[in-house]
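Below is one structure, written out as C-alpha cells, with a few remarks after it.
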Amino acid sequence: MTVIPRTAARTDRERMTRAAWLIGLGVVLLVLPRLIYPVLALDILAWGLFAVAFDLLFGFSGLLSFGHAAFWGTSAYVTAFLLTHGQSVPVAMLGGTGAALLIALPIGFLSVRSVGIYFSMITLAFAQMLSFLALQWTDVTGGENGLQGFARPGFLGLDFSDSLTRYYFCLVVFALGFYVAYRTVRSPFGQAQQAVRDNEQRAQSIGYNPARFKFTAFLISAGLAGLAGSMFTFGHGVVSLDVLNWRTSGEVVMMTLLGGTTTLFGPVIGAGIVLLLRDVLTTANLPVGIVTGLVFVLVVLFFRRGVVGTLQHWQRRK
Amino acid sequence: MNTQLLLIQVFNGLVSGAFYALLSLGLAVIFGMLRIVNFMHGALYMLGAFTAFALGQAFGLGFWPSLLLAPLIVAGIGMVLERGLLSRLYGLEPSYNLLLTFGLTLLTQDLVKQVMLSQYAVSSAPYTPPAVLSGVVNLGFVVFPKYRLFVIGLSLLICLITWFVIEKTRVGAIIRASTENPGVTRAFGIDVGKWVTGVFGVGVGLAGLAGVLAAPIYSVEPYMGAELIITTFAVVVIGGMGSILGSVITGFAVGVLAAIGAFFYPPIANTLVFILMALVLLVRPSGLFGLPEGAR
C-alpha cells in the first residue's frame, strides 16, 4: 500500500488541485451517458462507488477485504426483493443499504480482530457463506436464476423505465455516497483511522482504540458498498449469483489498485477503465479473462500507485 | 436411519477430505515457509488435471505416467512463476501475493478454456481411472469404488511424507532456516533463493497431484478449482495458517463433517465449512493449530 501521509494542513495549491479533480470528475460524469450507452455509464457509477467504499477500508485502514462482494451482493438481493414486493425505489435502496450494514455487524466484529492476510481470508470466507446461502435460499433469491423482471415504480415524477433518468438519479445517489466517503476521510475520525493504519501501537499509546476504529471504518465501507450494490440492481433490473461471487470481490480490488488507492478519485477512474475495457473486449469478442487477468498482474507488479497515484506522484516531484 | 448410507457418506467425505488435505497442505507449506498466499492454488490444481488429460490426448499417456509427470510439470510452471513474478513482491505485504496470484488465476482459467475449446473442442472432458482401479471393493460393511479408496490412501501417504520431511529431516531444517533467517543461512553457504523456489515447487506440485487424482472423479474443466480453492482457504483458516499438521487434520475432518452434515440436511454441505470457520474464529482467532500472530 502506497502510504501517503496526510496529516499536515493542506496548502492552497493542493486545495486547487483537489477542486480541479472534483470539477473534472463531475463534468465527465454529467456528460458520460451521452458518450457511452447509459446502462454502462450507470455501471461505472455503481462500481465506482463500490471501489471508493472498498478503498475506505483498504487504502485508509490498511485492511484488504477480499469479501466485499458480501455487502454489494446482499444489498443487491435485498433491493431486488423489495422492488419485487412493490416497494418504492428509495425504500428498496435504503433497505438494501441497511441490510448490508446489518450483516456487516457480525462480519466486521469477527474479522477486524485479525490483521493482514488473515483478515483477507476471513472476509473472503464470509462472502462465500452468503454466496452459498443465496444459492440455496431459492424462495427469496431465485437460486441459479436470480431475480428479474421487477418493477421500478416512478418517484417524484421521474420515469425509471428511461435509462437516462435512472442514470441521473443514480448520479445524485453516487454524489451523496462520495460525499460521505470524502467527509469520512477528511474528518478527525478519518485522520485517526490513518494513524491507526500507519502505526497501530503508536495510535494506541496516544489513547485511540484501534479495533473500534477499524470496526467503524468497516461499517461505513460496508454501508457504501451496499448503496453501490443497490444502484447496480436498480440500473440493470436483474440480480444474479454473480453479485456474491469471489470474482466480484477481486474485481473491485483491481479497479481500486488500477485507479490508485488512498486517492478517492482513483477508484472511480479505475472502475471506469476496467468497465470500458471489458466492454470493448466483449464487443470485439476477445477473451475477457485473459486480458483483465493480465492487466491485474501488470498493475500489481509495476503500477501499484495506480493512475491517480502516479499523477499525484509526478506533481509532487515537480 | 440407514447406517449403510451414512457410512458411504463418511467414505465420500474422506475422499473430498483427501483433496482438501492435499490442497491445504500445499498452501500451508507455501504460506508457512514463504509467507506467500497463493490464490492460484486452485488454478494449479486444475492445471494438474488438465495436463494429465492433455498428455493422454497428445501422447496417449496413461494414468500412472501422468500421475508422476503432471505434478512435475505443474511444479515447473510454479517455479517459473515464482522466479519471474512472485519474487518481485518479496518484502512487500503478503496482500500483494494474494492479488498477483488472483490475477494469474483469471488468466490461467481463461487460457485453459481457450486451449480446450480450440484444441479439443470441449469445455469439460471426462477422464477414466486405470483398469486396475476400476470397479468396487467389498469392505464387508460397505461396498466402495476402488479408485476412491486409492485416492484416500495415496493422499494420506503423501501428507505423511511431507510432514515427515519438513518436521523431521535435515532438508526440513534447511528449509525452515532459509525462511526464518535467510541472512544467517546464506552465511552457511546455502543458496536460499534456490530453496525458496524449490519449496514453492513442492507446494504447487501437491496441487498438481490433487488435480490428477481429481480428474477421474470430477470432470476436467477450466473452473474446477475455483470453488474448491475457497473451501480450501476456509480449511486453512480453521487449521491455523501455515500449520502442516493442522491443514491435514482439518482437511480430512472438514470433508467428513460436511458429508455427515449433508446426510441429515443436504443444503448444508457447502456452507458447513464456513460456519465451522466462524465458530473456530470466535474462540481461537489464529485457528485450531495456529500460533497467535506475532508468535513466530
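Computed from a prediction, not measured in an experiment: that's the story for all the values here. Chain identifiers are assigned alphabetically (A, B, ...) following the order of the sequence lines, protein sequences preceding nucleic acid strands; residue numbering begins at 1 within each chain. FYI, side chains are in, hydrogens and waters are out, and symmetry mates aren't considered; it's all heavy atoms of this structure.
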Quick one: what part of [X] sits under 4.5 Å from any heavy atom of chain B, side chain, backbone, both or neither?
| X | result |
| --- | --- |
| A:Val297 | both |
| A:Leu257 | side chain |
| A:Phe119 | neither |
| A:Ile290 | both |

Could you pull out the closest heavy-atom pair between [X] and [Y], with the gap in Å?
| X | Y | answer |
| --- | --- | --- |
| B:Phe274 | A:Gln128 | CZ-CG, 3.5 Å |
| B:Leu98 | A:Ser120 | CD2-CB, 4.0 Å |
| A:Gly293 | B:Leu106 | CA-CB, 4.0 Å |
| B:Ile275 | A:Met129 | N-CE, 4.0 Å |
| A:Phe296 | B:Leu99 | CE2-O, 3.0 Å |

Flag if over 12 foreign heavy atoms under 6.0 Å of CZ, A:Phe109: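 12 or below, so no.
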
From A:Leu294 atom CG to B:Leu107 atom CG, the distance as rounded to the nearest 0.5 Å: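 It comes to 6.0 Å.
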
Residues of residues 244-261 of chain B near chain A, each having a heavy atom less than 4.5 Å away: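 Under the 4.5 Å heavy-atom cut-off, nothing qualifies.
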
Option that, when pairs with chain B are counted at under 4.5 Å, heavy atom only, ranks first among A:Gly289, A:Ser131, A:Ser111: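 Winner by heavy-atom pair count: A:Gly289.
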
Toward chain A, the part of B:Leu92 with a non-hydrogen atom under 4.5 Å: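 Just its side chain gets close to chain A.
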
Toward chain A, the part of B:Thr108 with a non-hydrogen atom under 4.5 Å: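 Neither part.
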
Do [X] and [Y] touch side chain to side chain, with heavy atoms closer than 4.5 Å?
| X | Y | value |
| --- | --- | --- |
| A:Leu133 | B:Thr271 | no |
| B:Leu89 | A:Val300 | yes |
| A:Met254 | B:Phe102 | no |
| B:Ile230 | A:Phe132 | no |

Step-by-step side chain to side chain contact (heavy atoms under 4.5 Å, CB included) determination, A:Leu124 to B:Phe39: CA-CA 12 Å; A:Leu124 171 66; B:Phe39 198 91; 4.1 Å; yes

Centroid-centroid under 6.0 Å between B:Phe233 and A:Trp246 rings: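 Distance test on ring centres: not under 6.0 Å, no.
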
